[in-house]
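Chain identifiers are assigned alphabetically (A, B, ...) following the order of the sequence lines, protein sequences preceding nucleic acid strands; residue numbering begins at 1 within each chain.
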Amino acid sequence: MHDDVESTVQRICQSYDNDGRRLMDIVTDLHREYGCVDPEAMDLIARCVNVPRLRVQSLVSFYSFYAEAPRGRIVIRLSDDVIDRMHGYDRVAAAFCDELGIGMGETTADGLFTLERTACIGMCDQAPAGLVNDVVITHLSSDKARQIVQDLRRHGDPHQLVTSLGDGENGCDLIHSMVRNNLRKAGSVIFSPINRGEAIRKALSISPQEVIRAMKTARLRGRGGAGFPAGMKWEFARGAGDGQKYILCNADEGEPGTFKDRVILTERADRVFAGMTIAGYAIGASEGIMYLRAEYAYLKPHLEDVLRRRRIDGLLGETVLGRNEFAFDIRIQIGAGAYVCGEETALISSCEGKRGDPMTRPPFPAQKGYNGCPTVINNVETLCCVTKIMEEGPATFSDCGSDQSSGTKLLSISGDCKRAGVYEFPFGTTLREVLNECGGLEAQAVQVGGPSGKMVSPADFDRKICFEDLATGGSVMVFGPQRNILDIVHGFMDFFVDESCGYCTPCRVGNVLLKQLVERVRDGSGEPDDLDQMRRIAGTMKATSRCGLGQTSSNPVMSTLTTFETEYTDRVQDGPDGQRRGFDLAESVKAAESIAGRPSVHTGQDD
Amino acid sequence: MGENQKARIATTSLAGCFGCHMSLLDIDERILQLAELVVFDKSPINDIKQFTGRCDVGLIEGGCCNEHNVEVLRDFRKHCDILISIGDCATMGGIPALRNTVPLQECLDEAYRDGPSVHNPSGMIPNDVELPLILDKVYPAHEVVKIDYHLPGCPPSADTLWEALVALLTAKPVELPYELVKYD
């Protein structure tokens, strides 16, 4: 057994040239073979790639898809977020627990199954959903849950769970998934028909500077949410010396409620890779990396195949389109379940084979990024726009959209609406139009921009989706009149507590405090002071957290405290005689009463 | 200033170590100035056990680790216009709160039976009816009653306590320079 592990580790490390920067891939591969990376394997890896053992251990402990202790051969991960909960997550989870005879986070005695909860897996349009190893299972119910366990007990093969195939490329042999695209509205940019190779041909016919100018003329802004002008980002990287540079594509679509990149990668992968290649040409990079979240691992064979075909067709490789002076190739880096890796500096750390710790900026990646080299990181959707701008010219692109936001925006719409799915709208479309299209006009609230975005009330439904008004990376969650706003806020805070990397105190502690306060108010034991306390904590977190996660994670609370203030104020009141309503003396002496075998002399009597 | 015009002040040490009270006494000769400003009601300093009347200010050292602490704290809230949590135990639970992650039975076993320095052949855990029952965990003061101000520190230095008290009693804005509220 020992020799076996040793030779496996050596073989895997060898396949990545014993390169410490590929630690993510090494650990992922080893995981596939053994289901965990135990201390012995850590020692072996550390020796092979010549890094401190601590680095291997901290990596394994950081990512939720890695484990030190052996887990079941089949790992079932249930997507647990606000939308999944609205669609019956609790019932599904209970059915899995019952049928497997284990609790959440446990492994069956026969070592066959492990059951876990995980953050949003990008399937909110077909919730409740989950992953069985790499296989996505959607539209779960308690009956389905039991059937899945019984089937797996019989054949033991997650792939056989896919009995009906999704639409479009989901049905191709390389994806072979039950996931549905739910592409409800294809607009003029991202999902327009593609003419493969045209964009790169046009880009290579002009100078890199002219390509950058085209992005500026088109007024292309980053689609991840922040909206930084893409052309400017490229110009910084282009101007940062003549050495090695990199293009990174952020396909770590982890913002709960977002799933549009999933559909782009399924249906328009060529357009994304073309965008990366054009970006490479513009800034003078020869290597690109697509950072793909582990939840989308089922798309990897398909994406590898698209890359393979592009190499054959001369759209990637040593001489792109036969041009000796332009070499460019792309590799796919698979993540391992960490939301924070969508933050660009954390994403770089992860690509370098480290924990996904965000770094302090400046220096910005455009000056000093992957491997210390100038790096451009763009969102999947942004790169699609790049390709489209090259295909049809910047003017056509900028004609569409609003004043400060040109082009279209993909929205991932989920929750209480009739037609959940992906919609491509021109920037500047009002939220009301969006809700009308998806059948969600009865909403009492809409969360725009994911948990760290804004909770919009009906009074603001005429606001526009664009960077200058309602900015969003694309997540639109619709909440009907039957939902409890504070349950939703609590769910979002739950998410941030789980996903905080823990490096800085305001974020690590602040999220927990906010969650507790929301819980207290929701459960009716809050006081007016608690609301001030929330505002103070949120202010501190915003001002002092190290990265965007902690700087924005108080938004669900702050946004609803403004827009849905009565949800809070109606539930709080001062305690009698200055006593805290959240403190229950009788409850807190229960344990001692049972140990001492006598009742408290203080409870039961009026103070 | 006559005795009846002076502010009435009460103090108590709950689940604390009396360090904060020691720090208060550390104001040295300024205690004479303090005596000009206040009269002490219920406090370990003068050993008055019961409130004799309504107080302006109550100083709370320590959090709540047992039911008696809760009673005392509630009594303070009832009798004092302004309550100030003094020190890390009152404001955050402090050292006593280290037990908060350990189940109560385990805490008692470690303290009275299994601890390396324990000699207790009978294995009895103290359980006289006079002993207040301890709480499932240690609570900072503001989780039990409304607290108006917090003064951190372990303990807050005499200067910190002095500056804060004098400002409060003379109705002036409190000025706590960085050195007085920095603890690392």
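Taking A:Y568 as the reference, nothing meets the ring-ring contact (aromatic ring centres under 6.0 Å, His included) condition, with sequence neighbours excluded. In terms of the salt bridge (Lys or Arg N to Asp or Glu O under 4.0 Å) criterion, residue partners of A:D532 (sequence neighbours excluded) are, by chain and number, A:R535.
The closest side-chain heavy-atom distance from B:V145 to A:F583 is not below 4.5 Å. Between B:L131 and A:R598 there is a side-chain heavy-atom pair separated by less than 4.5 Å. Side-chain contact check for A:L585 versus B:L135: some heavy-atom pair is nearer than 4.5 Å. A:Q579 has its side chain out of reach of B:V144: every pair of non-hydrogen atoms, C-beta onward, lies at least 4.5 Å apart.
Of the listed residues (A:R581, A:E587, A:R580), the greatest number of heavy-atom pairs within a distance under 4.5 Å of chain B belongs to A:R580. Heavy-atom pairs under 4.5 Å with chain A were tallied for B:H142, B:R77, B:E67; the largest tally goes to B:E67. Between chain A and the residues B:N66, B:V129, B:D75, B:I147, the largest count of heavy-atom pairs under 4.5 Å involves B:V129.
The existence of a salt bridge linking B:R74 and A:D577 is excluded, since no basic side-chain nitrogen approaches an acidic carboxylate oxygen closer than 4.0 Å.
Heavy atoms of A:P576 lying under 4.5 Å from chain B are absent altogether. Of the two parts of A:E527, neither the backbone nor the side chain holds a non-hydrogen atom closer than 4.5 Å to a non-hydrogen atom of chain B. Using a 4.5 Å cut-off between heavy atoms, B:D148 makes no contact with chain A at all.
The environment of B:I95 atom CD1 is sparse: at most 12 non-hydrogen atoms of other residues, nucleotides or ligands sit within 6.0 angstrom. The environment of A:Y503 atom OH is sparse: at most 12 non-hydrogen atoms of other residues, nucleotides or ligands sit within 6.0 angstrom. Counting non-hydrogen atoms of neighbouring residues, nucleotides and ligands closer than 6.0 angstrom, the OH atom of B:Y149 reaches no more than 12 such neighbours.
Annotation: the span from A:I595 atom CD1 to B:L104 atom CG amounts to 4.0 Å, rounded to 0.5 Å. A distance of 12.5 Å separates NE2 of B:H68 from OG of A:S600, quoted to the nearest 0.5 Å. Here A:K590 contributes atom NZ and B:D136 contributes atom CG; the two are 10.5 Å apart, rounded to the nearest 0.5 Å.
Considering all non-hydrogen atoms of both residues, A:A596 and B:N127 come closest at O-ND2, 2.7 Å.
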